[in-house]
Amino acid sequence: MSKKIFALIFVAMCFIFVFCACTDNNEENCENEHSSSSSNNDVILDNKNPTPPPPADINCEHYWYKASIDKNTSSTSSVYLKGECYLCGDYLSKEVITTVSYSEWKNALSVNSLNSFTVFNSNTYVDYTDKSSRKWKTENGIFTEEFFISSEKSNANLYVTEKFSGYALMYNDFVYSMESRTYIYKINETSHIELGFADGALLYHSVVNSDSHNEQKSDTLYLNHGKINIELPDYFDGIYNSATSKEIIESSSLSQSMANQAYEFIRSLKFEGAYEVSFLENGKLSVLFYLNTQELDPIFGEQYSSATVVIDNEKITSLVIGNNTIEFDY
């Protein structure tokens, strides 16, 4: 991908979210002076062309990441929630209450409460809304992201139902630990589940397996409650339309007849139902369309229910229609 596209990706990332309101100790001073430290100073979108961080935004609606829990408080019912704003580099350090009542417990684990949020596990972040999700991470200095729009496979409702519906009615089965500042449910002698809260909102979930030699934990943090909005970045249309234009397709090695058929088929694909958009490593872009019903493929004459457009170096490289693939060579 060209330097121009990487620059567009970096700038447009800042407009993807409707982020959580200030939750730090100076919440009422959200629009006053923030830390002058800049965000994303460890993110390199292109190993050969490092992208400088954006300037701090004094009107930023914070999107917290790099979050951690500090138990070094004088109270056994609170912790410090720490993190950094992805957009402006401001820092979060807030003491939060970790105990909840039965009604708070049920509400915190409900679909209504968890209608949008960020899940952080290892180096991967997933933003959820009631209809869509977005996964992003930076690995080996490369930023990648995937959008699941109007997805029945990846949304907040599905996530909460599968993950927490069983726990919502188990308040009395969990025991609060003043040491871990979490609620613990013992599965057996070697395994237990931990749930943590911050001022009545879900903060932490972990499954712990241990024996006499070691302990394995799967830690997940929940952030940015109620403020996530998932939309494709503004630059997407330009990349997609340019890479799938008639001029680009006709410049490939396809015959004139096949190029025309491929172009007409791609133009028939609509961003109205469920689809996935993946900005992959090395500048590749993949767009997967799901159909509500099976249709007859006008090119190969077979039934299909999904189609995928793959773009590399600003040109379409393959079109997958059901089980059939058209390769575009240049």
Side-chain angles (χ1 to χ4, degrees), residues 16-24 27 61-69 78-79 81-83 85-86 92 94 96-122 124-137 145-174 176 180-185 192-208 217-231 274 276:
I16 294 172
F17 306 103
V18 174
F19 299 103
C20 71
C22 287
T23 54
D24 60 10
E27 184 173 19
E61 292 187 83
H62 297 315
Y63 176 87
W64 301 118
Y65 84 128
K66 289 187 176 180
S68 62
I69 299 172
S78 69
V79 296
L81 176 59
K82 297 185 176 182
C85 177
Y86 187 84
L92 166 70
K94 179 184 180 183
V96 295
I97 301 300
T98 56
T99 56
V100 290
S101 66
Y102 177 50
S103 60
E104 289 174 327
W105 172 283
K106 288 194 300 180
N107 181 63
L109 299 178
S110 70
V111 171
N112 289 335
S113 178
L114 291 169
N115 60 354
S116 75
F117 53 90
T118 300
V119 174
F120 169 49
N121 186 293
S122 186
T124 301
Y125 295 80
V126 185
D127 297 318
Y128 286 98
T129 68
D130 59 348
K131 294 182 180 179
S132 304
S133 68
R134 170 185 179 261
K135 177 191 290 186
W136 66 274
K137 65 179 179 179
E145 61 182 339
E146 300 173 79
F147 294 84
F148 305 85
I149 306 298
S150 299
S151 174
E152 296 181 356
K153 300 178 180 179
S154 184
N155 59 61
N157 294 343
L158 181 64
Y159 183 97
V160 175
T161 300
E162 291 184 346
K163 201 89 168 179
F164 299 118
S165 61
Y167 298 152
L169 300 177
M170 294 175 61
Y171 179 73
N172 292 327
D173 296 314
F174 281 76
Y176 183 77
S180 67
R181 320 289 169 86
T182 61
Y183 289 82
I184 296 177
Y185 172 71
H192 68 269
I193 295 167
E194 294 184 31
L195 290 177
F197 299 86
D199 293 341
L202 178 66
L203 172 64
Y204 175 81
H205 174 240
S206 180
V207 178
V208 183
K217 297 183 69 175
S218 176
D219 296 339
T220 302
L221 290 180
Y222 296 82
L223 310 166
N224 305 319
H225 293 276
K227 297 297 181 180
I228 298 298
N229 180 44
I230 297 172
E231 296 178 350
E276 299 177 11

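Quick caveat: nothing in here was measured; it's all calculated off a predicted structure.
- Neither side chain, S122 nor T124, offers a donor N or O lying under 3.5 Å from an acceptor on the other.
- Going from atom CG of L223 over to atom CG of D127 covers 9.5 Å, rounded to the nearest 0.5 Å.
- A donor-acceptor contact shorter than 3.5 Å links the side chain of D199 to the backbone of I97.
- Using the six-membered ring where Trp is involved, Y86 and Y63 have ring planes that are perpendicular, over 60° apart on the 30 and 60° scheme.
- Take Y183 and apply the ring-ring contact (aromatic ring centres under 6.0 Å, His included) test, not counting sequence neighbours, and it matches W105, Y176, F197.
- The backbone N or O of K131 lies less than 3.5 Å from no partner atom in the side chain of N157, so there is not a single donor-acceptor pair.
- Not counting sequence neighbours, the partners of D219 by the side chain to side chain contact (heavy atoms under 4.5 Å, CB included) test are Y204, S206, K217.
- Qualifying salt bridge (Lys or Arg N to Asp or Glu O under 4.0 Å) partners for K82, counting only residues two or more places apart in sequence or in other chains: D70.
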Residues 163-174, side-chain donor-acceptor partners within the protein, below 3.5 Å, at least two apart:
residue, atom, partner, partner atom, Å
S165, OG, T161, O, 2.5
Y171, OH, V100, O, 2.9

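- For the side-chain hydrogen bond (donor to acceptor under 3.5 Å, both in side chains) test, no residue two or more places apart in sequence or in another chain qualifies with H205.
- Under the side-chain hydrogen bond (donor to acceptor under 3.5 Å, both in side chains) criterion, Y185 pairs with no residue, sequence neighbours left out.
- Taking every heavy atom of both residues into account, I69 and L203 meet most closely at CD1-CD2, 3.9 Å.
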For this session: Report the C-alpha distance between F117 and L202 in whole Å, list the side-chain angles of each, state the deciding distance to 0.1 Å, and finish with yes or no for side-chain contact (heavy atoms from CB on, under 4.5 Å).
Result: CA-CA 10 Å; F117 53 90; L202 178 66; over 6 Å; no

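- The two residues S150 and S132 come nearest to each other via the heavy atoms N-OG, 3.0 Å.
- Within the model, atoms CG of L92 and CG of L81 stand 5.0 Å from one another, a figure rounded to the nearest 0.5 Å.
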